[in-house]
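Worksheet for the structure shown next.
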There are 2 protein chains.
Amino acid sequence: MRGSEAATQALYDEAPEAGAPVSEQTDGTADSGHEVLAVVFQIRGDKLSVLLWQRARRPYEEHWVLPGGRLGAVEGLDVSIRRQLAQKVDVRDLTHLEQLETRGDPGRHPQGRILATAYLGLVPADIDPVVPEDTSWHAASELPDMGFDHAAIVHSGRKRLRAKLSYTNVGFALAPPEFTVSELSRYYRAALGHDVAATNLRRVLLRRGQIEETGGFVPSGRSGGRPAALFRFRARRLEITDAFAVLRPPAGA
Amino acid sequence: MRGSEAATQALYDEAPEAGAPVSEQTDGTADSGHEVLAVVFQIRGDKLSVLLWQRARRPYEEHWVLPGGRLGAVEGLDVSIRRQLAQKVDVRDLTHLEQLETRGDPGRHPQGRILATAYLGLVPADIDPVVPEDTSWHAASELPDMGFDHAAIVHSGRKRLRAKLSYTNVGFALAPPEFTVSELSRYYRAALGHDVAATNLRRVLLRRGQIEETGGFVPSGRSGGRPAALFRFRARRLEITDAFAVLRPPAGA
DNA sequence: GCAAAAGTGTTCGGGCTACACCCATGA
DNA sequence: TCATGGGTGTAGCCCGAACACTTTTGC
């Protein structure tokens with residue numbers, strides 16, 4: 001629970017009043033007027049869930065928004081979102097983080113134009129980060145009333161994740177270090193939103209060299225059944241495993 | 001040639017001196033301290049080429065950089081890059097434009113941290129935009145000395161284009177309104193960097209419903225040969241034509 | 001007729017799906 | 001021994017690559 005009290009208050013720093021200069025300080029800690037947000041997904045109980053924070057202030061009071069905040073003047077975008085997720089919502093266990101999109105519509109923020117760069121972050125299914133009180137997980141398929149353009153950003157993230165599950169090994173970022181194929185198929189089902197047959201998933205991911213057996217087994221439960229073999233992802237960094245689905249280079253190249 | 005003189009001077013507005021406040025104005029026209037850039041590709045003579053502008057001032061004097069400039073305070077990102085390409089390099093005929101990435105490394109700009117959002121723009125092969133004197137097309141495979149992190153951004157754009165040629169209909173944005181299959185295969189070859197057999201390209205794109213015959217023909221040249229049928233892309237907006245290369249939803253869904 | 005360029009037919013292989021069948025365990 | 005869940009074998013389909021062959025033109 002470290003830091004969650006202070007974290008809550010600072011979670012979503014307000015913009016300066018409309019019309020005020022974006023940046024008044026000139027020292028190295030001046031903020032840049034640029035926002036960094038994160039769509040953090042985790043599979044929780046058969047649902048793809050996203051971490052949201054409930055605003056206590058206008059505008060969009062009581063609405064839910066993405067975690068994040070102002071970019072510091074001397075930090076990189078990815079460094080910033082990592083810092084803010086760690087400091088403000090106590091999320092330190094991202095297995096994957098990638099840039100999603102930058103939004104800059106003049107109308108996206110009622111207090112004047114604020115640019116926001118959104119990231120897509122993934123947390124594996126086996127951990128349960130302690131998050132502040134006003135922060136919680138919501139099923140991506142049943143989003144609550146959200147502020148600003150954040151709902152649209154969540155949809156972008158969902159789309160990106162779905163696409164990458166098809167041609168990369170992102171699965172590693174959703175799954176725990178070791179898992180059975182049927183567990184894995186549950187993660188894929190939740191993230192993709194449609195059924196994924198365990199029997200074929202195993203073969204696809206094995207053929208692509210994404211997963212391998214650990215040698216371990218999970219004993220069967222009370223209802224019987226054959227013990228399930230444990231697998232792990234061979235790489236725990238993003239790799240494109242099916243680069244040229246079509247129009248691939250000729251064999252001799 | 002309209003506006004190309006003035007355009008040149010304004011092409012790449014300098015950042016304020018390092019250490020000065022990012023924004024000093026508070027009226028609606030204050031700039032935001034945010035840069036917008038574009039990787040504009042066109043197939044020119046069997047080469048994928050990118051539009052670059054040669055800097056006349058330090059830093060990176062004489063180096064080549066991407067066209068773009070400061071984001072106005074009340075314009076959207078995409079609106080801004082369209083405006084700047086039109087005003088500054090006289091490029092108005094983009095057949096496709098999409099956001100690429102945002103870079104914000106503190107060290108990317110010697111005069112202090114400046115965020116830049118890059119777009120990927122495509123110009124069809126049949127037009128030849130009149131560009132200012134210090135602006136010219138360069139083969140993406142033989143980039144000149146480039147300033148800032150712009151070479152890396154070009155590579156991101158190239159990568160994005162290559163990937164999208166495989167599973168979308170982006171080809172429409174590279175090709176003229178009508179074309180023969182062998183012309184089209186040249187565009188694909190240039191963009192992908194490897195050989196693309198016209199005979200199979202035709203079948204792939206026909207099966208996917210991307211292209212259709214116009215009914216017209218191109219007479220054969222002096223050296224003979226059968227006249228080539230003319231084709232067009234059925235859609236001239238980006239569509240994903242091969243969504244689930246794998247892990248596609250079950251038939252009954 | 002011959003070369004050149006476009007277009008078609010056909011075969012092959014790979015990858016994914018579906019589904020039947022076999023295996024290992026608990027009660 | 002039966003139900004349960006895991007795992008394997010196999011057949012079918014679709015897609016794209018390769019390549020031989022046919023068609024239509026200019027000279």
Side-chain angles (χ1 to χ4, degrees), chain A residues 165-169 171 178-189 192 194-231 240-253, chain B residues 165-168 171 178-186 188-189 192 194-231 240-253:
Chain A
L165 279 172
S166 285
Y167 65 94
T168 73
N169 65 341
E178 301 200 343
F179 48 84
T180 66
V181 174
S182 64
E183 280 163 19
L184 189 62
S185 79
R186 289 196 306 107
Y187 305 141
Y188 272 73
R189 185 175 311 121
L192 291 172
H194 64 74
D195 210 53
V196 176
T199 172
N200 288 326
L201 183 64
R202 155 205 239 93
R203 264 188 289 226
V204 169
L205 299 188
L206 277 174
R207 175 171 42 220
R208 293 185 178 178
Q210 285 192 26
I211 60 173
E212 64 188 0
E213 291 194 59
T214 67
F217 288 87
V218 170
S220 46
R222 291 162 193 75
S223 59
R226 179 169 167 172
L230 281 170
F231 288 79
I240 294 174
T241 57
D242 199 36
F244 294 91
V246 294
L247 299 177
R248 58 175 72 90
Chain B
L165 279 172
S166 286
Y167 67 93
T168 72
E178 300 200 344
F179 48 85
T180 66
V181 173
S182 64
E183 281 163 20
L184 189 62
S185 79
R186 290 196 305 104
Y188 272 74
R189 186 175 311 121
L192 290 173
H194 63 76
D195 211 53
V196 176
T199 173
N200 288 326
L201 183 64
R202 158 204 236 92
R203 262 186 291 224
V204 169
L205 298 187
L206 277 174
R207 176 171 40 218
R208 293 185 178 176
Q210 285 192 26
I211 61 174
E212 64 188 1
E213 291 194 61
T214 66
F217 289 88
V218 170
S220 45
R222 291 159 195 78
S223 60
R226 177 169 170 173
L230 282 171
F231 288 80
I240 294 174
T241 57
D242 198 38
F244 294 90
V246 293
L247 299 177
R248 58 176 73 91

Which nucleotide in D/dC27, D/dT10, C/dG9 has an atom nearest any side-chain atom of B/Arg203: C/dG9
Using atom CG of A/Leu205 as one end and atom C1' of D/dG7 as the other, report the distance to the nearest whole Å. 15 Å
Atom OH of B/Tyr167 and atom P of D/dG16 are separated, to the nearest Å, by 16 Å
Provide the closest heavy-atom pair for A/Ile240 versus A/Thr168 in the form atom of the first, atom of the second, distance. CG1-CG2, 4.1 Å
What is the minimum heavy-atom distance between B/Tyr167 and B/Arg208, and which atoms define it? CA-NH1, 4.4 Å
Ignoring backbone atoms, test whether B/Ser220 places a side-chain nitrogen or oxygen under 4.0 Å from the OP1 or OP2 oxygen of C/dA5. no
Atom-to-atom span, CD of A/Gln210 to P of C/dG15 - whole angstrom: 14 Å
Measure from the side-chain heavy atoms of A/Arg208 and tell me the nearest of C/dA6, C/dC16, D/dT25. C/dC16
Base, sugar-phosphate or nothing for B/Ala229? Non-hydrogen atoms, less than 4.0 Å. sugar-phosphate
Of B/Asn200 and B/Ala228, whose closest DNA chain C nucleotide lies nearer the 5' terminus? B/Ala228
Quickly, which of B/Arg202, B/Gln210, B/Arg203 forms a side-chain contact (heavy atoms from CB on, under 4.5 Å) with B/Leu206? Name it, please. B/Arg202
Quick check for you: among D/dC27, C/dA6, D/dG5, whose closest atom lies nearest to any side-chain atom of B/Arg222? D/dC27
Distance in angstrom units between B/Phe217 CZ and D/dT23 P, rounded: 16 Å
So does B/Thr199 get a side-chain nitrogen or oxygen closer than 4.0 Å to the phosphate oxygens (OP1/OP2) of C/dG7? no
Nucleotide C/dG7, atom C1' - distance to CG of B/Leu230 in whole Å: 14 Å
Over all heavy atoms of both residues, which pair between B/Ser185 and B/Val196 is shortest? Give the atoms and the distance, please. CB-O, 3.7 Å
Would you give the length of the straight line joining atom CG of A/Leu230 to atom CD of A/Glu183, rounded to the nearest 0.5 angstrom? 7.5 Å
Between C1' on C/dA6 and CD on B/Glu213, what's the gap in Å once rounded to a whole number? 11 Å
Integer-rounded Å distance: C/dT8 C1' and B/Arg202 CZ: 9 Å
What is the separation between atom CZ on A/Arg186 and atom P on D/dG6, rounded to the nearest whole Å? 11 Å
On DNA chain D, more 5' by nearest nucleotide between B/Arg207 and A/Glu183 is A/Glu183
Counting only side-chain nitrogens and oxygens, does A/Arg226 get under 4.0 Å of the OP1 or OP2 atom of D/dT4? no
